[in-house]
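Below: one structure, written as structure tokens.
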Amino acid sequence: MALASGVRFAERALLRPWALLRGTTLGRTEPAAGGGGDGARRFGSQRVLVEPDAASGVAVMKLRNPPVNALSLELLTELVISLEKLENDKTFRGVILTSDCPRVFCAGLDLTEICGRNPAHCAEYWKAMQELWLRTYLSSLVLVAAINGACPAGGCIIALSCDCRVLADNPKYRIGLNETLLGIIAPFWLKDTYVNTIGHRASEQALQLGSLFPPAEALQVGLVDQVVPEDQVQSTALSEMARWLAVPDHARQLTKNMMRKATADRLLRQRDADTQNFVSFVCRDSIQKSLQAYLEKLRQRKG
Ligand SMILES: CCC/C=C/C(=O)SCCNC(=O)CCNC(=O)[C@H](O)C(C)(C)COP(=O)([O-])OP(=O)([O-])OC[C@H]1O[C@@H](n2cnc3c(N)ncnc32)[C@H](O)[C@@H]1OP(=O)([O-])[O-]
């Protein structure tokens with residue numbers, strides 16, 4: 001991707017993805033079903049499947065960490081690396097992010113990564129979460145979220161950092177930031193992203209109440225751009241992509257950078273403090289108890 005210089009700042013500012021890749025198989029390439037040439041080859045890792053279409057310059061990136069695409073450290077790492085790989089390949093101008101798991105786009109933070117873990121692990125995990133947000137929020141590529149399932153909390157973070165969101169019209173597929181219901185708090189950079197998307201008053205209300213919006217309400221509040229029947233999510237995401245790709249890259253990238261830089265810079269300036277805040281907060285006994293109780297409730301609930 002021929003990045004405009006104004007957008008390069010993001011790449012320089014970000015840390016390189018972790019050398020630590022527990023159990024990942026990045027870089028694996030295999031022919032797509034019925035595919036032949038390079039444009040039809042798919043690559044990816046254990047938890048992220050990438051289906052590139054060189055002819056259109058668009059890749060479909062599917063999260064596949066069953067059962068619910070919880071954002072484990074491995075999934076976060078693999079997402080960042082897959083995205084970086086596409087950004088560094090001049091062939092690609094856009095990515096459609098979607099889920100390979102039925103009924104769930106992404107269940108948010110993997111609570112087992114922050115329950116009963118030591119502070120060092122929680123810090124490593126949080127840095128990975130920051131990294132994914134920075135990488136997606138500032139991506140030079142056009143990112144379209146094709147939300148084909150439930151999209152709470154961290155799932156919503158991924159969707160919010162895309163340029164455009166298409167949600168399947170299924171009342172079970174709710175989207176929003178429900179952190180307060182778990183007894184935790186969205187970080188300031190996530191709050192800023194919410195405000196940038198749906199405005200201050202709506203964010204103030206939704207964040208405090210931990211609202212998860214069904215599709216029609218998500219559309220009304222501006223959290224998603226389109227709500228379509230489930231079998232049209234992918235085709236609509238592709239049409240949206242075409243609309244965004246009709247704009248010259250350099251102009252779109254510089255404009256995106258102008259709109260998002262200040263929000264991202266706030267985190268870049270205080271990444272360590274944000275990590276310390278998160279770790280000292282989630283490691284409190286009372287918060288651990290509340291997270292354990294939430295996790296237990298999820299395990300007991302079925303369907
Ligand atoms: C502060 C920073 C900002 C971000 C904060 C966050 O993201 S906080 C996160 C906020 N996220 C939420 O509040 C979302 C919580 N999750 C849900 O509401 C539902 O799982 C669902 C609607 C996503 C899918 O419903 P469904 O009926 O299709 O699936 P199901 O419910 O039957 O679950 C299947 C299995 O997955 C397990 N598991 C689920 N989520 C998580 C998780 N996050 N982690 C780990 N595990 C999780 C669940 O325990 C069960 O395990 P079991 O018993 O098989 O060993």
Side-chain angles (χ1 to χ4, degrees), residues 47 63-76 79 98-117 121-134 136-137 147-161 167-168 170-195 197 203 206-215 218 230 267 271 273-284 286-288 290-303:
R47 299 162 192 87
L63 281 64
R64 57 166 177 193
N65 193 24
V68 293
N69 282 334
L71 293 167
S72 62
L73 185 55
E74 288 86 355
L75 177 57
L76 290 173
L79 277 168
T98 193
S99 166
D100 198 44
C101 295
R103 302 184 311 280
V104 184
F105 177 74
C106 169
L109 299 194
D110 184 339
L111 296 171
T112 64
E113 297 276 13
I114 55 171
C115 272
R117 300 296 196 120
H121 181 83
C122 292
E124 183 189 11
Y125 181 67
W126 193 243
K127 284 180 193 160
M129 192 65 223
Q130 292 172 335
E131 182 74 13
L132 178 69
W133 177 74
L134 287 165
T136 47
Y137 196 64
I147 309 167
N148 52 350
C151 191
C156 184
I157 301 181
I158 294 179
L160 282 172
S161 58
L167 174 62
N170 181 327
K172 289 188 176 164
Y173 297 172
R174 296 189 302 155
I175 178 168
L177 300 177
N178 61 332
E179 280 78 358
T180 51
L181 301 183
L182 285 75
I184 58 177
I185 303 158
F188 69 86
W189 42 275
L190 181 48
K191 178 268 294 174
D192 290 345
T193 313
Y194 220 25
V195 170
T197 310
S203 299
L207 275 173
Q208 289 188 58
L209 294 173
S211 306
L212 287 172
F213 298 94
E230 205 154 348
L267 176 59
R271 245 179 124 161
D274 180 61
T275 304
Q276 278 164 26
N277 275 345
F278 175 78
V279 173
S280 61
F281 183 76
V282 292
C283 289
R284 283 185 205 164
S286 58
I287 303 302
Q288 282 293 312
S290 131
L291 289 173
Q292 288 287 359
Y294 190 80
L295 201 46
E296 202 43 50
K297 208 167 73 183
L298 280 176
R299 286 176 176 147
Q300 280 163 14
R301 190 184 73 110
K302 278 288 157 195

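The basis for the numbers below is simple: all heavy atoms, side chains too, and nothing from hydrogens, waters or symmetry mates. Just follow the structure's listing: the first ligand is 1, and inside any ligand the first atom is 1. Remember, predicted model here, so these are calculated numbers, not experimental data. Throughout, residue positions are numbered sequentially from 1 according to the sequence presented.
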Which ligand 1 atoms, with their elements, are less than 4.0 angstrom from a heavy-atom of [X]?
| X | answer |
| --- | --- |
| Pro152 | 14 (C) |
| Leu182 | 8 (S), 9 (C), 10 (C), 13 (O) |
| Arg103 | 28 (O) |
| Ile184 | 1 (C) |
| Ala153 | 5 (C), 6 (C), 7 (O), 10 (C) |
| Gly108 | 7 (O) |

Geometric N/O contact [X] with ligand 1, under 3.5 angstrom:
| X | result |
| --- | --- |
| Ala107 | yes |
| Pro67 | no |
| Glu179 | no |
| Tyr294 | yes |
| Leu111 | yes |
| Ile185 | no |

Note to self: Please work out, at 4.0 Å between heavy atoms, whether the side chain, the backbone, both, or neither of Asp110 comes within that distance of ligand 1.
What the structure shows: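 Both the backbone and the side chain of Asp110 come within reach of ligand 1.
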Next item on the list: Report the part of Met129 (side chain from C-beta onward, or backbone N, CA, C, O) that has a heavy atom under 4.0 Å from ligand 1; answer both or neither where that applies.
Entry: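 Neither part.
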When rounded to the nearest 0.5 angstrom, what is the spacing between [atom1] in [X] and [atom2] in [Y]?
| X | Y | atom1 | atom2 | value |
| --- | --- | --- | --- | --- |
| Leu182 | Lys297 | CG | NZ | 8.0 Å |
| Leu267 | Leu190 | CG | CG | 11.0 Å |
| Met129 | Thr275 | CE | OG1 | 12.5 Å |
| Ile114 | Cys122 | CD1 | SG | 6.5 Å |
| Asn178 | Leu212 | CG | CG | 4.5 Å |

Next item on the list: Show the numbers, then the answer: is there a ring-ring contact (aromatic ring centres under 6.0 Å, His included) between Trp133 and Trp126?
Entry: CA-CA 11 Å; Trp133 177 74; Trp126 193 243; over 10 Å; no
Notebook entry, point to check: Among Leu109, Leu181, Val68, whose heavy atom sits nearest atom 42 (C) of ligand 1?
Noted result: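 Ranked by closest heavy atom to atom 42 (C) of ligand 1, first place is Leu109.
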Give a yes or no on whether the backbone of [Y] and the side-chain of [X] come within a donor-acceptor separation of less than 3.5 Å.
| X | Y | value |
| --- | --- | --- |
| Asn65 | Leu75 | no |
| Glu230 | Gly149 | no |
| Tyr137 | Leu160 | no |

Notebook entry, point to check: Looking only at heavy atoms of Trp126, does any of them come nearer than 4.0 Å to an atom of ligand 1?
Noted result: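 Heavy atoms of Trp126 do come under 4.0 Å of ligand 1.
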Item checked: Over all atoms of both residues, closest heavy-atom pair of Leu73 and Glu113 ->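 Smallest interatomic distance, heavy atoms only, reads N-OE2, 2.8 Å.
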